[in-house]
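Beneath this line is the structure, given in structure tokens, with notes to follow.
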Amino acid sequence: MIQHLPALIIALPLLTAFLMPLIGRISPTFRKLFAFIMIFLVAIIGILLVHEVHSKGIILYTFGAPQPGETTPSSLKIPVRIIFEIDGLGAFMVIVSIILAFTAMFYALPYFKEERGLDRFYALLFLLLAGILGMELTGDMFNFFVFLEIASISASALIAFCIDRSETLEAGIKYLAISSIGALFFLLSVGLLYGEYDALNMAMLAKSISNTFIDKMALILILGALLMKAGIAPMHMWLPDAYAEASPPVTLCVIAATQASMYGLLRMIFTIFHPSIDIAFLPALIIALSLITIGIGATMTLIQNRLTRAIAFAGVAEMGYILLGVGTAMYAGIKGYGEVALEGAIFHVLNDAIDMGLLFLVAGSVYLATRELDMNNLGGLARRMRFTAITFLIALLASSGMPPMNGFASKLLIYESTYALNPILSIIAILASILMLAIFVRIFYSVFLGPELPNLRDARDPPVLMLIPMLILSILIIFLGIFPSYAIDKLVDPAVRSLIDAKGYVSAVIGGG
Amino acid sequence: MLERIFTGSGFWNPLIWLIAFVVSILIVLILRSLGRPGFKREGDKTKPFLCGNIKDIETISPRSENLYWGFRESLKGYYKVMERFHSGDIRDYIFWFIFVIVLLFLMEVL
Amino acid sequence: MIQNLPYIAVALLIIIGLYATIFKKNLIKIIMGITILESGVNLFLITLGYRKGAVAPIYTNLPEGTKVPQSLTFPVPQALTLTSIVIGVAVLALMLAIAVQIYRKYRTLDVTKIRRLRG
Amino acid sequence: MEVTELISLITRSILGTIVLALVSIILGLFYKGVDRKIAAHMQARVGPPIRQPFRDVIKLFTKENIVPDDAIPWLFNLSPVIALSASIIMMLYLPVGDIKPMLSTEGDLILILYLLLIPSLCLVIGGFSSGSPFATVGAQREMVLMMSYEFPLAIAVISVVWRLREAGIDVPFSLSSIMENPIWNNVGILGIIGCIILLIALVIVTPGELSKVPFDAPEAETEIAGGLLVEYSGRNLALFYLADAVKTLAMATLIIAIFFPYNLSSLLSISGYPAYALDFLFYLFKLFLVILLSVTLIRVAVARLKIDQLVSTYWISVVLLSLIGLVLLMFDRLACLKGWY
């Protein structure tokens, strides 16, 4: 049982997704129960898997022939198989995705009441979860592409799910078009690499890649596609559309998909391409892109009038922080301040996911209570929705990185490492946090404070079942804020070590040193 | 678990910070309790400090889009460019994606 | 030269696809552009898998005198292409479905008019 | 971390908070009085006695504490409490006199930058939650002000820290290492010019940080009737008043810690308790100088700026100024590396 965890964690959501339409025929209550039990099981399997990785090291799970020669003639030394390879970073990302998916599912169950087609909704949500987890676990380039596409297709279907509003459709097709083009470029570069090395396995590729022109092209295509999927400026425009127009549970899962693309970026850069490929301008360019992302995200959020869109632009800036840490680590190598920067970046992946998730859940509660997302028509909700206001206050402090919330710890790591490379980097990072603080305070005022509006007098806190996921995320924010060293020791450091030890990743598959 | 974070250039220990913060909040609360609590509800004391004949306050309090006017005003030029950049046109989304890839490609080749 | 022809076709298809996605105003044409782009990538994968004079690795039905494994093609690129085609169909179907819905809401398929999400 | 160390840290933080709360409130009010007296003399007035701020606070404590109808009461009352306590704990991380910061190993300069934000943030949230249009206008202006001055402030602080790191100082963000290694001793002539420029930028940032004239658009009595404080009265207002006093002290101490960490005792080679006393007196003198320069002089000499002028002042003029300082520091490092001096 234990050794099949990596397969189960993908198979279970897939199975649930395809069972959903059948289950839905029995009764809607049973469907909810089933969805809840399944997400709970996935979460338990995920935690067991992470525990397994932390106690035993890299897990290798083979679909197909474990040894070369079992399916092909013995003279042909190519194993026909797909492997899942889970190291510290993969385990970390599994935790992030599971937190988001679990809270999203929890929130979705009471959020949708009269909406039609909920079978398909849950089916797509589980499919999206399978796609995200697959991206994080797989050790195979083509497999990564397939899971990337599964995630994109189900995510865009989910974004466009509420077809009553025209904006959701627009956001859905934009997301689908741009991510399918991105995925095609990814596939093209997988083709390039396969043509050159006859290998699709990440470890095999990592071993054989050299500094040729084709490899550089492949790296560039992959980087472009994954940077786009991670919402890095100037390719970030899909992100506010998608985040803002999707319903909050979907947004949470799309955040997880974005973070999974960031994981892909880390994996490609540090494990596969890092030591062998030498593109001199690349780290500087990545840092420049991250600064542009931070700047655009933080300034654009100030002029938004739609609640979710303002939060989404702040999410763009947060992705910029992560990439800033990654870029610094690329520039300086994963040692000294580069290692601290990478630590900060990876820690920020978790913090960003939780903070943004909570913000969108709050926005969802506000929408549910008022059916309004335009901040000009909102106001004075703190009297009637006290719990929501307090959770928003927590999320506000966390995502603008005020002490003692979790955002401060990871941003501190980023500030105090990037300045060593160039002081301007951390100056811009600090400035952008203040801008983000400003937008969140503005949101707080225009939604929760001020005189009470007459048409919003019957706004209420959402039902208890929806408060629980918000409570879970708030508690996580405060816990990670007060005991950041716990999270760093237990989760972030294994992830960073697995990136430092790229040889370990390779030798777990191929053997030898 | 109770360790401070050491970044190589600085420290951060949230627990100690929290203890100090709680203590100082207690001090401030003690200080605050020295003051006169509450107030007599009479006249227009609790109405907002405004002049003129104002019926309902929610019509005159600034709405969300009026906030940070000074900031937007002084960065007008920047925001004009940015609004044109975020055109919402799906082709621009694809164009910028291709642009970055071509830029990377050209920087590598040249 | 002649063996490079498929690669030239790949490049052309990709460029045509990108051209359509960037410069065409009609949403359907943009979707067509994405499909052409995808065909280009698929053709690239197929071309990679081609080996002159080699046969498919179906052991029960090999021609006389085939050297195993030297003159067998390893069928991975074909498998990749098949997967990619399936995914492409799903993407295409979903995009067209959304396009139909968009037409119902906006009464147009001109992408310069389908931009309520901006700024 | 060992248990004994943890316990000593906890006791230090508890005792330190209690002591510093008293010291900083008294000092803050004292310097507020000094500031008012000197400003009055500059304007050819007699001015109130130096103990006037104490009287003001005591008077405010006896007044009614009115909560308006449109306010959100829990936030309205919570904001001044958080503002004052955040100002107080800032002092725990800053060196007072020659004494190392109480919690020098538990927090650094970035923390101070963020803690400096909290009192202003509380003002903003308190203003917003009071539900008055004047307060709302004032509060959003305060937020704009925060966005504006944070840019030059970050440049000044990060540049100095970066230069210290390049000079080979360990843990350059820690206040105790900044105090032990004055920036002036670690740079060449270009760096000294750069540091002077950064100091000037920081001095211009200070009145903004404390929302004093010419950067007092958030409060602007003449146009928005006291702005974000318009609905506050009684003990809540007194707490904000105290928070302002303590924050002034903290900001001045920050400037002293970064740019004037010198002490008389080492110069005169005195040790023991007399040294502490002497250094504390000298610290008081430095505080006086910094507050005189960055608060009193500027606020008497200049008129209030409009809110968009204020943004462009900080984001263009002061940022350019401090960037020049940063570039000079960078050149200085280059020169030191190449041995041009």
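Quick caveat: nothing in here was measured; it's all calculated off a predicted structure. The figures here come from the full heavy-atom set of this structure, side chains too, leaving out hydrogens, waters and symmetry mates. Every chain is numbered from 1 and lettered A, B, ... according to where its sequence line falls, protein lines coming before strand lines.
- With a threshold of 4.5 angstrom between heavy atoms, A:Ile220 approaches chain B through its backbone and through its side chain.
- A:Tyr415 is not listed as a side-chain neighbour of B:Thr7, based on a closest heavy-atom distance of 4.5 Å or more.
- Put simply, the side chain of B:Tyr79 gets close to the backbone of A:Thr299: a donor and an acceptor are under 3.5 Å apart.
- Judged by distance alone, the side chain of B:Tyr68 and the main-chain N or O of A:Ala438 form a donor-acceptor pair under 3.5 Å.
- To the nearest 0.5 angstrom, B:Leu104 atom CG is 6.5 Å from A:Leu223 atom CG.
- For a residue to count as touching a neighbouring chain, one of its non-hydrogen atoms must lie under 4.5 Å from one of that chain's; by this rule A:Asp241 touches chain B with the side chain only.
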Could you go through residues 225-236 of chain A and list every donor-acceptor pair under 3.5 Å that involves a side-chain atom there, pairing it with any protein atom two or more places apart or in another chain?
from     : atom 1 : to       : atom 2 : distance (Å)
A:Lys229 : NZ     : A:Ser152 : OG     : 3.3
A:Lys229 : NZ     : A:Tyr175 : OH     : 3.2
A:His236 : NE2    : B:His86  : NE2    : 2.7

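- If you measure heavy-atom distances from B:Phe85 to chain A, the contacts under 4.5 Å come from both the backbone and the side chain.
- Note on A:Ile296, A:Leu285, A:Leu282, A:Leu221: by heavy-atom pairs under 4.5 Å with chain B, the leading option is A:Ile296.
- Options B:Tyr78, B:Trp12, B:Tyr93, B:Trp96 differ in how many heavy-atom pairs under 4.5 Å they form with chain A, and the most are formed by B:Tyr93.
- With chain B as the partner, the residue from A:Tyr337, A:Tyr445, A:Tyr419 showing the most heavy-atom pairs under 4.5 Å is A:Tyr445.
- Within the 4.5 angstrom heavy-atom criterion, atoms from both the backbone and the side chain of A:Asn376 approach chain B.
- Summarising the geometry, atom OG belonging to A:Ser410 is positioned 8.5 Å from atom CD1 belonging to B:Ile5; distances are rounded to the nearest 0.5 Å.
- Interface remark: A:Lys174 contributes backbone and side-chain atoms alike to the contact with chain B (heavy atom separation under 4.5 Å).
- If you measure heavy-atom distances from B:Ile98 to chain A, the contacts under 4.5 Å come from the side chain alone.
- Taking A:Asn377, A:Asn305, A:Ile443 one by one and counting their heavy-atom pairs under 4.5 Å with chain B, the maximum is reached by A:Asn305.
- Taken to the nearest 0.5 Å, the CZ atom of B:Phe97 stands 12.0 Å off from the CH2 atom of A:Trp238.
- Note on A:Met375, A:Glu170, A:Met237, A:Glu343: by heavy-atom pairs under 4.5 Å with chain B, the leading option is A:Met237.
- Residue A:Leu449: no heavy atom, backbone or side chain, is found under 4.5 Å from chain B.
- One finds the CH2 atom of B:Trp17 at 9.0 Å from the CD1 atom of A:Ile482 (value rounded to the nearest 0.5 Å).
- In this structure, chain A has a heavy atom under 4.5 Å from the side chain of B:Leu18, while its backbone stays farther away.
- Among B:Asp92, B:Ile101, B:Leu103, the residue with the largest count of heavy-atom pairs under 4.5 Å with chain A is B:Ile101.
- Side-chain contact between A:Ile279 and B:Glu108: present, with at least one pair of heavy atoms (C-beta onward) separated by less than 4.5 Å.
- Residues A:Ile303 and B:Met82 are not in side-chain contact: their nearest non-hydrogen atoms beyond the backbone lie 4.5 Å or more apart.
- In this structure, A:Ile173 CD1 and B:Ile90 CD1 are separated by 6.0 Å, a value rounded to the nearest 0.5 Å.
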